Amino acid sequence: MHPGVLHRRFLNDLSSSLFSFVLPLLPTNEELTVKEEVRGLIEKLIKTIEPSARLLSFGSSCNSFGLRNSDMDLVVLIDDPSAGIEPSHFVAMMGDLLERETNFDVKPLPKARIPILKLTLAPSPALPFGIACDIGIENRLAIENTRLLLTYATIDPARVRTLVLFLKVWAKRRRINSPYRGTLSSYGFTLMVLYFLVHVKQPPVLPNLQRIAPITPLSEEQVMLEGRNVYFFDDVETLRQEWSSINYEPVGELLIDFFRFFSHDFQFNNSVLSLRAGQLTKESKGWVNDIDVGGLNEMARDRNRLCIEDPFEVTYNVARTVTKDGLYTIRGEFMRATRILTQRPDRAVLALAELCR
Ligand code: CTP
Ligand code: MG
């Protein structure tokens with residue numbers, strides 16, 4: 001058979017294998033129901049401290065990139081400004097309350113950069129993996145970036161969700177998804193995929209939602225949040241009617257291209273990935289890592305090895321946790337993945353299994 005035909009067949013095979021790979025890893029309805037009940041219960045308790053407080057989910061429980069048994073990300077929003085709540089104090093109060101009133105194991109971290117409360121619940125028959133949940137305070141930007149990710153997923157769920165979910169599983173299995181150990185958060189990997197689909201692929205698979213003008217002019221307040229421009233085009237219905245990609249590559253092909261691009265083409269040393277603005281230079285952002293930090297610790301020097309601009313908090317490098325070694329490992333994994341997917345064009349299922357070993 002002609003090599004081109006064989007290759008086409010492999011790509012189609014790879015795409016359907018990706019769908020089958022991801023499907024059983026999605027959360028069950030039962031899990032989602034239990035988690036929603038837990039959220040409701042904690043919210044009720046928190047309202048006894050501050051009646052205007054609401055507890056919202058963000059992150060993978062509501063950006064459509066959730067995997068089975070993933071952690072819950074929750075945030076307390078206090079709607080009454082006259083309540084005068086100080087976040088670290090509120091975290092401590094919530095900690096005491098939940099310790100008293102629930103079976104959760106409670107660990108307040110009031111002094112963290114963003115004060116949070118860590119809750120864990122031991123496994124039970126209804127929840128064989130227990131529950132782990134972080135509760136933050138007043139992190140309204142997180143709600144907005146969750147909505148941005150969800151809107152991107154909604155435009156082309158079959159390809160976008162499959163790619164991101166697979167990448168997350170792959171990164172976890174290959175142990176490069178540990179921000180506390182020098183590698184990258186799921187949020188960082190998700191931004192890399194979206195950047196690739198918006199700015200690298202030609203024709204693009206996704207539009208740049210932060211650059212589509214609003215249909216009706218918005219007021220200043222509608223766009224600004226905590227001093228950040230959080231505007232993006234979120235009218236999914238209009239998008240569906242008026243925007244469609246002319247890129248029809250199967251998801252398997254996009255995956256290979258993704259690995260190839262980050263193995264060979266992206267200039268990690270001097271470039272910044274910006275979902276908002278495309279490729280930027282580290283210099284233009286002042287994110288250079290070779291500055292002489294003198295007596296400062298290793299962490300400071302390592303902060304800008306990999307640079308991923310947050311879509312709204314544009315001075316924030318989402319990948320600041322990635323160390324020199326971490327980046328070396330991540331790039332090594334991109335190369336390994338490219339090799340496996342391009343040099344073993346036999347059975348796609350086997351290639352995926354090997355990839356995630
Ligand atoms: N977040 C952030 N900055 C980071 C990491 C995370 O603002 N450096 C916020 C984002 O709002 C993100 C949320 O925290 O959506 C959750 O991040 P993360 O846990 O990395 O992603 P999940 O999609 O929840 O993935 P997982 O299923 O692995 O928990
Ligand atoms: Mg999470």
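Keep in mind that this is a model prediction, so the values were computed, not measured. Both ligands and their constituent atoms are indexed starting at 1 by order of listing. Along the sequence shown, the residues carry numbers beginning at 1. No hydrogens, no waters, no symmetry mates; every other heavy atom, side chains included, goes into these values.
Among protein heavy atoms, atom 8 (N) of ligand 1 sits closest to Y316 OH, 2.8 Å. The closest protein non-hydrogen atom to atom 1 (N) of ligand 1 is Y187 CD2, 3.7 Å. Scanning the protein for heavy atoms near atom 9 (C) of ligand 1, the closest one is F58 CE1, 4.1 Å. Nearest protein heavy-atom neighbour of atom 29 (O) of ligand 1: S60 OG, 3.8 Å. Given atom 16 (C) of ligand 1, the protein heavy atom at minimum distance is D73 OD2, 3.6 Å. Looking only at heavy atoms of the protein, atom 15 (O) of ligand 1 is closest to G59 CA, 3.5 Å. The protein heavy-atom contact nearest to atom 11 (O) of ligand 1 is N145 OD1, 2.5 Å.
Atoms of ligand 1 found under 4.0 Å from any heavy atom of A142 (numbered from 1 in listed order, with element): 11 (O). Taking every heavy atom of S70 and a limit of under 4.0 angstrom, the matching atoms of ligand 1 come to 27 (O).
Distances from the Mg ion (ligand 2) to each N, O or S atom of D73 single out OD2 as the nearest.
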Assess the residue pair E31 and K35 against the criterion (salt bridge (charged side-chain N to carboxylate O under 4.0 Å, His left out)); give the C-alpha distance rounded to whole Å, side-chain angles, the decisive distance to 0.1 Å, and a yes or no. CA-CA 6 Å; E31 182 185 331; K35 284 186 166 168; 2.9 Å; yes
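A donor-acceptor contact closer than 3.5 angstrom links the side chains of S52 and E50. With hydrogens and angles left out, the side-chain atoms of S17 and S20 include no donor and acceptor closer than 3.5 Å. At a cut-off of 3.5 Å, with distance as the only test, no side-chain donor of N247 or K201 sits close to an acceptor on the other residue.
For the pair K285 and E309, the salt-bridge criterion is met [side-chain N within less than 4.0 Å of a carboxylate O]. A salt bridge does not link R140 to E144: none of the charged nitrogens lies less than 4.0 Å from a carboxylate oxygen.
Ring geometry, F268 versus F262: the interplanar angle falls from 30° to 60°, so the pair is classed tilted. Relative orientation of the F261 and Y195 rings is tilted, given thresholds of 30° and 60° on the angle between their planes.
Ring centroids of W170 and F259 are separated by less than 6.0 Å, placing the two rings close together.
Under a 4.0 angstrom heavy-atom cut-off, E313 registers as lying outside contact with ligand 1. The shortest separation from a heavy atom of D71 to ligand 1 is not under 4.0 Å, leaving the residue out of contact.
If you look at N63 next to ligand 1, the close heavy atoms, those under 4.0 Å, all belong to the side chain.
Geometrically, ligand 1 and S186 share a nitrogen or oxygen pair separated by less than 3.5 Å.
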